[in-house]
Amino acid sequence: MKTVEKIADMKRLRQQLTGDIGFVPTMGYLHEGHLSLVRQAKTENPSIVVSIFVNPTQFGPQEDFKNYPRDTKRDLTMLEKEKTDIVFMPSVTEMYPPGFSSWVEVEKLTRQLEGASRPGHFRGVTTVVAKLFNIVQPTRAYFGQKDAQQIAVISKMAADLDMNTEVIALPTIREPDGLAMSSRNTYLNPAERRAATILYHALTLAQKLWFEGERNAERLRQQMTDLIQREPLATVDYVSIANSKTLDELEIVTPPVLLSMAVKIGKTRLIDNIVFR
Ligand code: PAF
């Protein structure tokens with residue numbers, strides 16, 4: 001496994017690779033969710049590149065950029081085990097040198113949900129992913145379904161800008177009690193960790209009600225919100241029942257539907273979702 005920090009070195013190594021390249025962009029502090037992407041990439045491409053870069057431009061001023069968990073040594077051990085070919089881990093100044101002033105912005109799809117709660121977040125995501133795609137030139141790039149809106153936005157960017165990379169979404173990996181794996185779960189203390197399962201319970205409640213025939217989106221949102229609010233450590237940011245393609249809120253639940261939410265457990269903001277097709 002080769003690790004590179006300079007864009008020029010990454011580009012040079014890329015030129016030496018032949019055949020399809022699978023790419024998994026990450027912010028590090030890897031867990032089984034990331035590894036499932038690497039493993040799938042491995043089955044579909046002869047060469048695998050993983051990036052580790054905590055991207056400052058996708059964090060708001062009050063968010064956790066400085067404290068975002070980092071453990072590069074552990075990440076590299078995990079990636080070595082998965083037989084990753086190249087790990088690209090640039091510094092912030094390598095990616096955003098002084099004078100950097102070009103941004104990639106997807107309109108419309110970024111207005112709702114995470115985009116509404118975290119202004120500027122997706123501009124940071126699309127800019128860094130566009131840069132990474134340009135540097136790595138992957139055939140396929142793999143993202144977790146947990147960040148459903150991120151996948152929609154990146155897919156739209158890749159299509160609109162004629163990028164040569166296929167964007168692939170893979171299922172959310174969950175802990176045995178249903179909590180979606182996330183690097184941010186590490187912020188939770190034991191009581192918060194127990195409380196955090198409320199996100200999954202709210203999603204499964206909605207799924208159960210839907211299977212029982214409930215089609216009124218507002219009633220489902222209300223049931224989910226009520227359940228979450230019964231958990232004293234939880235504060236709802238949003239609960240959404242939207243069309244999974246446009247992300248517009250629905251009145252009547254007609255698939256394809258994205259049920260998604262952002263909930264603070266203590267000080268930690270968690271997101272989760274499921275899709276009805
Ligand atoms: O999902 C993430 O970890 C990040 O948003 C990504 C795609 C690596 C861009 O920084």
Using 0.5 Å steps for rounding, measure from the CD atom of E105 to the OG1 atom of T126. 7.0 Å
Checking R140 against N45: is there a side-chain donor and acceptor pair closer than 3.5 Å? yes
Under the criterion side chain to side chain contact (heavy atoms under 4.5 Å, CB included), which of N273, L259, L258 is the partner of S244? L258
Would a 4.5 Å heavy-atom cut-off, applied to side chains only, mark L76 and T3 as touching? yes
Kindly compute the distance separating CZ (F143) from CG (L37), expressed to the nearest 0.5 Å. 9.0 Å
Any chance you could measure L188, atom CG, to S182, atom OG, to the nearest 0.5 Å? 8.5 Å
Is there a path of hydrophobic side-chain contacts, each under 4.5 Å between heavy atoms, that joins I135 and V49? yes
Spell out, yes or no, whether L170 and F133 are grouped together once hydrophobic residues are joined by side-chain heavy atoms under 4.5 Å, including indirect joins. no
Rounded to the nearest 0.5 Å, the OG atom of S155 sits from the CG atom of L109 at a distance of 9.5 Å
If we ignore hydrogens and angles and just use 3.5 Å, is the side chain of E5 paired with the main-chain N or O of P90 as donor and acceptor? no
Following the transitive rule for hydrophobic clusters with a side-chain heavy-atom cut-off under 4.5 Å over Ile, Leu, Val, Met, Phe, Trp and Tyr, establish whether V167 and V275 coincide in one cluster. yes
For the atom pair CG (L233) and CZ (R194), what is the distance rounded to the nearest 0.5 Å? 9.5 Å
Do E175 and Y200 have side-chain N/O donor and acceptor atoms under 3.5 Å apart? no
Using a cut-off of 6.0 Å, state whether more than 12 heavy atoms not belonging to Q15 lie near its atom CD. yes
Is it the case that the side chains of Q137 and N164 hold a donor-acceptor pair, with the cut-off being a distance below 3.5 Å and no angle test? no
Validation row: Q223, L209 side chains within 4.5 angstrom (heavy atoms): yes
For a quick test of reading the model, state the closest non-hydrogen atom pair linking A41 to V24 and the distance between them. CB-CG2, 4.2 Å
So if I apply the salt bridge (charged side-chain N to carboxylate O under 4.0 Å, His left out) rule between E214 and each of R219, K208, R221, which one comes out positive? R219
Do V38 and M78 touch side chain to side chain, with heavy atoms closer than 4.5 Å? no
So, K131 side chain and M95 main chain: donor-acceptor pair closer than 3.5 Å or not? yes
With distance as the sole test, does T77 use its side chain to make a donor-acceptor pair with the main-chain N or O of K73 at under 3.5 Å? yes
Just do the side chain to side chain donor-acceptor pair (under 3.5 Å) check on D85 and S47 with the steps written out, would you? CA-CA 6 Å; D85 297 286; S47 307; 4.5 Å; no
Please answer whether the main-chain N or O of H201 pairs with a side-chain N or O of T204 as donor and acceptor at a distance below 3.5 Å. yes
State, without any angle test, whether D64 and Y187 hold a side-chain donor-acceptor pair at a distance under 3.5 Å. yes
Show the numbers, then the answer: is there a side-chain contact (heavy atoms from CB on, under 4.5 Å) between L179 and R193? CA-CA 9 Å; L179 178 66; R193 171 62 188 80; 3.5 Å; yes
Check the pair R118, E63 against side-chain contact (heavy atoms from CB on, under 4.5 Å), reporting the backbone distance first and the verdict last. CA-CA 9 Å; R118 304 179 66 189; E63 294 183 14; 2.5 Å; yes
Nearest heavy-atom approach of R269 to I271 is NH1-CG2, 4.0 Å
Indicate, with yes or no, if F88 and L35 share a hydrophobic cluster defined by side-chain heavy-atom contacts under 4.5 Å among Ile, Leu, Val, Met, Phe, Trp and Tyr. no
Minimum-distance pair of heavy atoms, taken over all atoms of P56 and V92: CG-CG1, 3.8 Å
Please walk me through it: do Q229 and V236 pass side-chain contact (heavy atoms from CB on, under 4.5 Å)? CA-CA 7 Å; Q229 281 173 343; V236 176; 4.3 Å; yes
Between T84 (side chain only) and I86 (backbone N and O only), is there a donor and an acceptor less than 3.5 Å apart? no
Is there side-chain contact between M10 and V136, with heavy atoms separated by less than 4.5 Å? yes
Would you say T165's side chain and P138's backbone share a donor-acceptor pair under 3.5 angstrom? yes
Donor-acceptor pair between Q112 and Y238 side chains, under 3.5 angstrom: no
Within-4.5 Å side-chain heavy-atom neighbours: P25 and F23: yes
Donor-acceptor contact present, side-chain T43 to main-chain Q40, <3.5 Å: yes
If you look only at pairs with a residue in residues 23-33, which of them pass as a side-chain hydrogen bond (donor to acceptor under 3.5 Å, both in side chains), with sequence neighbours excluded? E32-R39
For K146, does its backbone N or O pair with a side-chain atom of T172 as donor and acceptor, under 3.5 Å? yes
Residue pair K2 / V87, side-chain heavy-atom distance below 4.5 Å: no
Any side-chain heavy-atom pair of L79 and L30 under 4.5 Å: yes
Considering residues, nucleotides and ligands other than E107, do more than 12 of their heavy atoms fall under 6.0 Å from its CD? no
With N55 via side chain to side chain donor-acceptor pair (under 3.5 Å) - residues at least two apart: T57, Q58, Y96
Which pair of heavy atoms, one from R174 and one from L203, lies closest together, and at what distance? NH2-CD1, 4.4 Å
Take N216 and I252 through the test side-chain contact (heavy atoms from CB on, under 4.5 Å) and record every step on the way to the result. CA-CA 5 Å; N216 181 298; I252 305 294; 5.7 Å; no
Are side-chain heavy atoms of I265 and I198 found at a separation under 4.5 Å? yes
Should V129 and I7 be counted in the same cluster of Ile, Leu, Val, Met, Phe, Trp and Tyr side chains packed under 4.5 Å apart? yes
So, using ring-ring contact (aromatic ring centres under 6.0 Å, His included) as the criterion, who are the partners of F59 when residues are at least two apart? F65, Y68
With a 3.5 Å cut-off and no angle check, do the side chains of T197 and D177 form a donor-acceptor pair? no
Would one find more than 12 heavy atoms of other residues, nucleotides or ligands at under 6.0 Å from atom NZ of K156? no
What distance separates I48 CD1 from D20 CG, expressed to the nearest 0.5 Å? 10.0 Å
Quick check against the 3.5 Å criterion: does T127 have a side-chain atom that pairs as donor or acceptor with the backbone of R123? yes
So does K83 get a backbone contact from the side chain of K42, meaning a donor-acceptor N/O pair under 3.5 Å? yes
Nearest heavy-atom approach of I228 to V263 is CG2-CG1, 3.9 Å
Under 3.5 Å, is there a donor-acceptor pair linking the side chains of S240 and E249? yes
Can you name the closest pair of heavy atoms from T186 and S183 and give their distance? CG2-O, 2.8 Å
